[in-house]
Amino acid sequence: MVQPLLRKIKTMKCLLTQFSLFSPHKSPNFDCHNRILNPCFLLLPPPSPLWIQGSWGSNSSISRRGYCSGLVTGAGAMASAKIVSDPECISYLNQREAAEIDEILMGPLGFSVDQLMELAGLSVATSIAEVYKPDERKRILAICGPGNNGGDGLVAARHLHHFGYKPFICYPKRTAKALYNGLVTQLESLSIPFLSVEDLPMDLSTSFDIVVDAIFGFSFHGSPRPPFDDLIRRLVALGTPNQKNEKSPVIVSVDIPSGWHVEEGDVSGEGIKPDMLVSLTAPKLCAKRFSGPHHFLGGRFVPPSVAEKFKLDLPAYPGTSMCVRIGKPPRVDISTLRENYISPEFSEDQAEANPFDQFQKWFDDAMASGLKEPNAMALSTTGKDGKPSSRMVLLKGLDKDGFVWYTNYESRKAHQISENPRAALLFYWDALNRQVRVEGSVQKVSDEESEQYFHSRPRGSQIGAIVSKQSTVIPGRQFLHQEQEKLEAQYSDGSPIPKPKYWGGYRLKPELFEFWQGQPSRLHDRLRYTPADIDGKRVWKIDRLSP
């Protein structure tokens, strides 16, 4: 009686985990007049294409690849496989199942080995890029075996080169087939160095930041032979993930840590201890014994028939990503999070004399860089009680008189501005390592200006401005939907929607600008503009502030 009960409990746990991914109660609640994020996406089916499974192994025979692939979309995806995030609910393949899937893919489903190898290598490269950034860990050694697992490593190295890393290849037992010769030619055309075993240092920690273990996959049997036995010993010598210091190289294993038993794992307890495992298709049974901090799934191409046949329960891939994390990322010590900014210096002779011109110059750079919502700004206000509050709003106008945004005149920010008509703005452009602070007095824009902007908005946003009595307590989200439906019916004939009296714009007239450019070692550039009277003229004075 106990075992069946435990199985039922586990099943319910998995179902609850899956349901929570689509719960509308997890939707964020944003200020609908400033930054709009439609929470209804949580009620939609999972993104398509949906990950169900993929698998590769290392085998010198092309006919037994070790891949699993397919594409499942929409409701078909939901019917073919469950969406899971709890590692206990995820499917794991034994060696026979992995080989059987291989035969199906390379037979009736018509996949070619080069197609699958390309997707496998790209999945490995994107998994690495998710965790290890090239400005922190740039030098990558890919140790590639003679079979398809080694081919995955060669493809991954090519993609990593294009991602900004500096890869090196150790490929001691090359496979004399056109596919592999082509991969070598591609890497040589990129001037990626090939190193012999003799060229490698005995201690790999002195020369590399990441070592990719692409030696053996799930089809390997027996004991490793030279030179791979020696290479595996060098990987073992790099130590376990929790023993490594900040500078030690990390090990990334492709599908299976080389030398592990495909089902039983590190039987001797003296094998490779990878920091990252990138499972391909579905995790193999040995992955249950993986104790490193980063486990990813890669591949993204399982047909519904394969998913149903093997009862695959795997996580959904986010967006267009080629990889998805299995389980939660490790806890991070917040105190150790830091970024060493690398930026061109921002000197006084480069700064525009007028801060409005300097702001426009930096804003144009932010637009050109492709940042999402470069006009997003933090607005900080304080009422008569002296308690500050901040929120993100969108800049909707800029001229010689100041910065303009629109909101509800009965919101908390509006009440604070009425009590203390001064505010601060902060723009942050992460990709450029730049911030701009603006402080000054605030006043409402004219009714004509607010009216003109209101009617330039989409009709849905106009209705939203009327529906939302911003910052007031409401009984639930359904209340908003009901009010929205009423107004949509009222104005269904296409007649103009009147701007509510309680909605309009504010303009902040700057009295201070500060332009911040991140620099190495926290020696940032900070140039402050303040108005000053010089020789009877009103000008902007520029001062450099200590970082």
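The residue from Ile140, Asp275, Asp209 that alone fulfils the side-chain contact (heavy atoms from CB on, under 4.5 Å) condition with Tyr132 is Asp275.
Checked by atom type, the side-chain pair Ser450/Lys499 shows no donor-acceptor distance below 3.5 Å. Side-chain contact check for Glu451 and His455: at least one donor-acceptor pair (N or O, by modelled atom type) lies under 3.5 Å.
Geometrically, Arg434 does not engage Phe346 in a cation-pi contact, judged by NZ or CZ lying under 6.0 Å from the ring centre and within 45° of the ring axis. Lys444 forms a cation-pi arrangement with Tyr409, by the criterion of a distance under 6.0 Å to the ring centre and an angle within 45° of the ring axis.
Note that CD of Gln484 and CD1 of Ile463 are 7.0 Å apart. Values are rounded to the nearest 0.5 Å. Between atom CD of residue Glu188 and atom CG of residue Leu183 there is a gap of 11.0 Å, rounded to the nearest 0.5 Å. A distance of 11.0 Å separates CD1 of Ile466 from CD of Glu483, quoted to the nearest 0.5 Å.
Aromatic pair Trp540/Phe513: centroids less than 6.0 angstrom apart. Between Phe359 and Phe427, the ring center distance clears the sub-6.0 Å criterion.
Salt bridge annotation for Arg158-Glu118: present, with a cationic side-chain nitrogen under 4.0 angstrom from a carboxylate oxygen. The pair Glu348-Arg544 counts as a salt bridge, with a side-chain nitrogen and a carboxylate oxygen less than 4.0 angstrom apart. Checked for salt-bridge contact, Asp399 and Arg507 meet the test: a charged N lies under 4.0 Å from a carboxylate O.
Between the side chain of Asp152 and the backbone N or O of Ala120 there is no donor-acceptor pair closer than 3.5 Å.
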